[in-house]
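So the structure is just underneath, and the comments pick up after that.
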Amino acid sequence: MYAPQYAGVSAGLFAEQSILLEFHRNNGTCEGTVGAVNRGEVDLLLGTCLYGVRLAETGVNPVIVAQSNQQTRHVLAQRATDLHDLQWSGLRGKAILVHPGQTPTAWAAFTYALNRSGLSLGEIKPIVGYTAEDAIGEFLRGVGDVLFIDGDTALRNDLRITLPVSRQAGRLPWSVYMVDRSHLERKRELLQRFAKALDNSLKWLRGETTEVIARAVAPFFPDFSAERLLAVLQLHRDLDFWAASSTLQLDQVGRWSEALELGGLIAPGRQLRDYLDVL
């Protein structure tokens, strides 16, 4: 959930910087997202750094101008009836049922967290192949020891979040705003005002209650019930999901490069900075 930008709009923080945001939703695919930039349909691209890698491969010169979310919201969940909490070291030999997601970066963050705990994929038993609809049902029937799933989907009475991946993987530049360098040079002052408004939005989120945040962003999530929206926002707050500042931390970029290389999403020996610049 890209709550910072929506909260900032509702709180008037972008208006303070004389910025009117219009949101363009794509079909969720890398091709669709990158294509929107290449076709000139959007000025800023918000999403995973991998979109920037794909943009660089199409001839665009992407620059990160700000960050929104600072880590994955994916978790390891157990059945609500399981009596004992697992630790990362206790995953050795466990069967982990994988709930399908829309982005491979979640699995990269998990493998990185696993590696940081001293384990490798060869020491666990991933179970893949179920559809999203079937994965939870099969897990509840007894398939697998642990369920790898995004935290929002895990908010159910019959599941219990045990190990947030972010607690082991650490902060990562999960969702960033990118622009082509040619656009940056023409609009540098505007983009700096955008980053300032986003920074104020992130500070606003940290200073308000979950209930106030929910009221602010509710118009952007008409399909969410009030109860569901509160639960998701509280989870994101508990995970420290939103960035502390709009300014990208370069040490996080370096660690994310390691994670993406470990997960096979960028070529061995390459770094995100080989593809992306930072404002």
Side-chain angles (χ1 to χ4, degrees), residues 1-8 23 25-26 28-30 33-34 44-56 62-76 99 101-116 148-154 161 163-179 194-195 198-199 201-203 205-206 213 217 232-266 271-273 275-279:
M1 177 182 288
Y2 301 128
Q5 61 183 13
Y6 301 127
F23 301 110
R25 295 184 182 275
N26 63 77
T29 66
C30 189
T33 304
V34 172
L44 277 170
L45 171 62
L46 171 59
T48 171
C49 291
L50 278 187
Y51 289 152
V53 174
R54 299 296 175 260
L55 281 169
V63 180
I64 298 176
V65 298
Q67 68 172 344
S68 173
N69 301 330
Q70 65 187 7
Q71 54 207 4
T72 178
R73 66 175 187 265
H74 280 69
V75 301
L76 294 176
H99 183 274
Q102 295 179 331
T103 171
T105 48
W107 188 246
F110 169 70
T111 57
Y112 182 63
L114 197 67
N115 183 264
R116 294 190 79 186
F148 175 74
I149 189 171
D150 77 87
D152 297 5
T153 308
I161 294 174
L163 296 175
V165 173
S166 60
R167 301 279 164 78
Q168 188 68 16
R171 292 181 175 177
L172 302 167
W174 195 254
S175 304
V176 298
Y177 292 86
M178 292 166 278
V179 65
F194 171 85
L198 182 65
D199 200 59
S201 301
L202 291 164
K203 292 175 182 176
L205 284 171
R206 290 181 175 272
I213 297 170
V217 304
V232 169
L233 289 170
Q234 187 59 53
L235 172 69
H236 292 185
R237 169 162 270 177
D238 292 343
L239 295 177
D240 203 18
F241 183 53
W242 306 309
S245 166
S246 65
T247 302
L248 194 68
Q249 305 301 307
L250 294 183
D251 62 318
Q252 295 180 22
V253 177
R255 292 195 300 104
W256 195 211
S257 292
E258 295 176 13
L260 294 175
E261 180 183 350
L262 181 67
L265 295 177
I266 59 176
Q271 298 284 318
L272 282 172
R273 295 295 299 276
Y275 305 92
L276 292 160
D277 202 355
V278 179
L279 178 64

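These values consider heavy atoms only, across backbone and side chains, with no hydrogens, waters or symmetry-generated copies.
Nearest approach of A113 to A169, heavy atoms of both residues: CB-N, 3.9 Å. Between Q252 and L172, the shortest heavy-atom distance links the atoms OE1-C, 3.8 Å. The minimum heavy-atom distance linking A3 with L233 is given by the pair CB-CD2, 4.3 Å. When all heavy atoms of V165 and A109 are compared, the closest pair comes out as CG1-O, 3.6 Å. In terms of heavy atoms, L202 sits closest to A243 at CD2-O, 3.2 Å. Shortest non-hydrogen contact noted between L46 and Q5 is CD2-OE1, 3.5 Å.
Proximity of L276 to V176: side-chain heavy atoms (C-beta onward) are nowhere separated by under 4.5 Å. Between P4 and N69 there is a side-chain heavy-atom pair separated by less than 4.5 Å. Here the side chains of T105 and T72 are not in contact, with every heavy-atom distance at 4.5 Å or above. Between L260 and L50 there is a side-chain heavy-atom pair separated by less than 4.5 Å.
Considering CZ of R167 and CZ of R116, their distance stands at 14.0 Å, rounded to 0.5 Å. One distance of note links CG of L198 with CG of L44; it measures 10.0 Å at 0.5 Å rounding. Atoms CH2 and OG1, on W107 and T111 in that order, are 7.5 Å from each other to the nearest 0.5 Å. In this structure, the separation between CE on M178 and OG1 on T48 is 7.0 Å, given to the nearest 0.5 Å. Between the CG atom of L235 and the CZ atom of F241 there is a distance of 9.0 Å, given to the nearest 0.5 Å.
With S257 contributing its side chain and L272 its backbone, the two residues share a donor-acceptor pair below 3.5 Å. Using a distance-only test at 3.5 Å, with no hydrogens or angles considered, no donor-acceptor pair links the side chain of Q67 to the main chain of Y177. The backbone N or O of G151 sits nowhere less than 3.5 Å from a side-chain atom of R73 that would complete a donor-acceptor pair.
In this view, R273 and D277 satisfy the salt bridge (charged side-chain N to carboxylate O under 4.0 Å, His left out) rule, not counting sequence neighbours. Residues passing the side chain to side chain donor-acceptor pair (under 3.5 Å) test with S68: none are found, sequence neighbours excluded.
Paired with H74 under the rule ring-ring contact (aromatic ring centres under 6.0 Å, His included), one option of F148, Y112, F110, W174 passes, and it is F148.
Relative orientation of the H236 and W242 rings is perpendicular, given thresholds of 30° and 60° on the angle between their planes.
The stretch residues 234-253 participates, sequence neighbours left out, in these salt bridge (charged side-chain N to carboxylate O under 4.0 Å, His left out) pairs: R171-D240, R206-D240.
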